[in-house]
Amino acid sequence: ESCGHIEISPPVVRLGDPVLASCTISPNCSKLDQQAKILWRLQDEPIQPGDRQHHLPDGTQESLITLPHLNYTQAFLFCLVPWEDSVQLLDQAELHAGYPPASPSNLSCLMHLTTNSLVCQWEPGPETHLPTSFILKSFRSRADCQYQGDTIPDCVAKKRQNNCSIPRKNLLLYQYMAIWVQAENMLGSSESPKLCLDPMDVVKLEPPMLQALDIGPDVVSHQPGCLWLSWKPWKPSEYMEQECELRYQPQLKGANWTLVFHLPSSKDQFELCGLHQAPVYTLQMRCIRSSLPGFWSPWSPGLQLRPT
Amino acid sequence: ESCGHIEISPPVVRLGDPVLASCTISPNCSKLDQQAKILWRLQDEPIQPGDRQHHLPDGTQESLITLPHLNYTQAFLFCLVPWEDSVQLLDQAELHAGYPPASPSNLSCLMHLTTNSLVCQWEPGPETHLPTSFILKSFRSRADCQYQGDTIPDCVAKKRQNNCSIPRKNLLLYQYMAIWVQAENMLGSSESPKLCLDPMDVVKLEPPMLQALDIGPDVVSHQPGCLWLSWKPWKPSEYMEQECELRYQPQLKGANWTLVFHLPSSKDQFELCGLHQAPVYTLQMRCIRSSLPGFWSPWSPGLQLRPT
Amino acid sequence: PSLPLPRSFLLKSLEQVRKIQASGSVLLEQLCATYKLCHPEELVLLGHSLGIPKASLSGCSSQALQQTQCLSQLHSGLCLYQGLLQALSGISPALAPTLDLLQLDVANFATTIWQQMENLGVAPTVQPTQSAMPAFTSAFQRRAGGVLAISYLQGFLETARLALHHLA
């Protein structure tokens, strides 16, 4: 006894596009008189009649309506009939409207040595108003990423998250992989441009551990304006050959940084002299993978030291 | 080719009790000469010979050793043979020692209206040094908990946690249940005394929302030393009839609280006068389920107000 | 005479050797701390009876360094140790993550070597098949086998490191 059934096509449209709906009352619906006038209501808008109402060969009553421009991203369409001095709802359908996804942009990836995962992020593009899935796709390749090797399992981003983390077991370190993002919703799909990278060339490097060295009084060369340092690389990156930079600055308003280049990634004892401009100096260090591709680490937290 | 196998009995003992171990070398162990002297090592202690070594009828070599007092809560026992100028390990067994669990004590439960779960906690008693499981057991009952109704699914506490949360779907509110904790490890088990409670009689009540009422200038009766309040019960407990208390105190060193008893759980407008001792007064409220068992909520956070 | 090896291959390989050696020593430290298995030399007999293999790097020795043979032995040795590490899975929940990472790093290094052999045109048509792995029948055998296999791997990598420096 189907006393009212709505069909809409298509269920999802571009915002502003038309929607065609039909509401049918089957003849065996005993409660309604067969000449009932089928009415429609979109959301909370006023009730309106259908464009056309007619009987189908099997006696079914059908009302057709075209909503010229669906301007709700989500809305309910009701099929009703008049009832005493009110109306009765027969069925309800959910309409969705939005946009197909634009191509995701600014795809970038970093290899996290602490979690051993490759984390990629992107910009999703304008709001689509529709549930849209973002999937990070990749396959193994060679240097120029033309060669298509084994496909790597998809990395499906969580809802409303524009990043995804490829676990270590899906990564072939020291080999190139092609990687891109695919966005998809009910109105279409799109892809970002492809990246071609070796995960180990995009390591997120942390700064070295910089420490003051307390030199015994005997060793101190009594030369004023000196201080002694030691540093060692960030533990998870110890196996990577790195080159580092030191910068120091007197604690004075508007003072400039002085840089020391091409330092090794670990040093037990390093003397820095000529520090006469202020009682306290701030020192920082950063490192980068040497002779192989990599990114600079951020500067280490400032170390305040008093020269002799 | 089993070139060495340790058997210990029992694998878990009370701390300080003896342990008997045997190490056997089967005749088909080609790599070892059959007269090899079987040796033993406990953890990092010096190597020692067995108490007795003999051949079994099937040619197996067996060495027996009794460790008079096992004083490690966890230790490795090694069976070795001399080899060139060193030794070779044949097998390793893990020994555990500790105590059977004491009866858990101070079992108490609170019904959390926000998570709709009955959270019980207890004191586990002295350290047993052994993996010990704590399980909250309960069954449905009547007022005096003598009657044994349906058993409620066990609530297994997470490791090293002395509390457990019985989910709403396992609770029959407004009915009594008997509830206790069972502790168990390899050396025995014990039970706490039983509690008999209706979850709704042990609700963890939160204080009401106390607010200053800004009375329009016309209404103000221009009587000095007055202020106006309104309060409403904590939202999740709104359906519970509650009785409340108000306390107020002038912001003076060592001032006492003055209490107002038997107040309703919600009030749109309440006038408090006679506040002449200080420019600012601190007010707090608390409530309790009225005419049915319950606990007092904590006092609400202090509200600082200026009487007229 | 064999074709010279690209500098990036040698640098990446040396980095992979150091990476594997680093996690190998972490695992050995954990096996020692957790199970008091601190001396591989006390496990040689057990190694024989379990059939734990030692991979040869004769073509990489400084006296008779033969590039193609060295690369080929390096690759098959890495495959052997990857198989061994795989056979050790289930060693213990605490060590499983480090063991999994070590095994993946060894497998990835084997791919780096194989890739380079293909680039040089010296890669056999078919990858070497995995030889039979020892069956560990007790927790002790798995732990002791782990200590032995990883200490053999560390020695293998040390020889590889020297050879790669020679080839650089």
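Because the structure is predicted, anything quoted here is derived from the model rather than measured. Here is how names work: the chains are called A, B, and so on, in the same order as the sequence lines, proteins then strands, and each is numbered from 1.
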Asker: Relative to chain C, which of Leu80(B), Val81(B), Leu90(B) shows the most heavy atom pairs under 4.5 Å?
Answerer: Leu90(B)
Asker: Considering all heavy atoms of both residues, which atom of Phe76(B) and which atom of Lys36(C) are nearest to each other, and what is their separation?
Answerer: CD1-CG, 3.8 Å
Asker: NE2 of His69(B): more than 12 outside heavy atoms within 6.0 angstrom?
Answerer: no
Asker: Which heavy atom of Leu46(C) sits nearest to which heavy atom of Leu89(B), and what is that distance?
Answerer: CB-O, 4.2 Å
Asker: If you look only at pairs with a residue in residues 112-124 of chain C, which of them pass as a salt bridge (Lys or Arg N to Asp or Glu O under 4.0 Å), with sequence neighbours excluded?
Answerer: Arg142(A)-Glu118(C)
Asker: Compare every heavy atom of Val44(C) with every heavy atom of Gln88(B), then report the nearest pair and how far apart it is.
Answerer: OE1-N, 2.9 Å
Asker: Say you draw a straight line from OG of Ser86(B) to CG of Leu45(C); how long is it, rounded to the nearest 0.5 Å?
Answerer: 11.0 Å
Asker: Which residues pass the side-chain contact (heavy atoms from CB on, under 4.5 Å) test with Pro97(C), sequence neighbours left out?
Answerer: none
Asker: Are more than 12 heavy atoms, taken from residues, nucleotides or ligands other than Lys54(C), located less than 6.0 Å from that residue's NZ atom?
Answerer: no
Asker: Can you tell me how far CD of Glu94(B) sits from CZ of Arg143(C), rounded to the nearest 0.5 angstrom?
Answerer: 6.0 Å
Asker: Where do Phe78(B) and Leu37(C) land on the side-chain contact (heavy atoms from CB on, under 4.5 Å) test, with the steps shown first?
Answerer: CA-CA 10 Å; Phe78(B) 296 93; Leu37(C) 294 173; 3.7 Å; yes
Asker: Given heavy-atom pairs under 4.5 angstrom as the criterion, report whether the side chain, backbone, both or neither of Ile6(B) touches chain C.
Answerer: neither
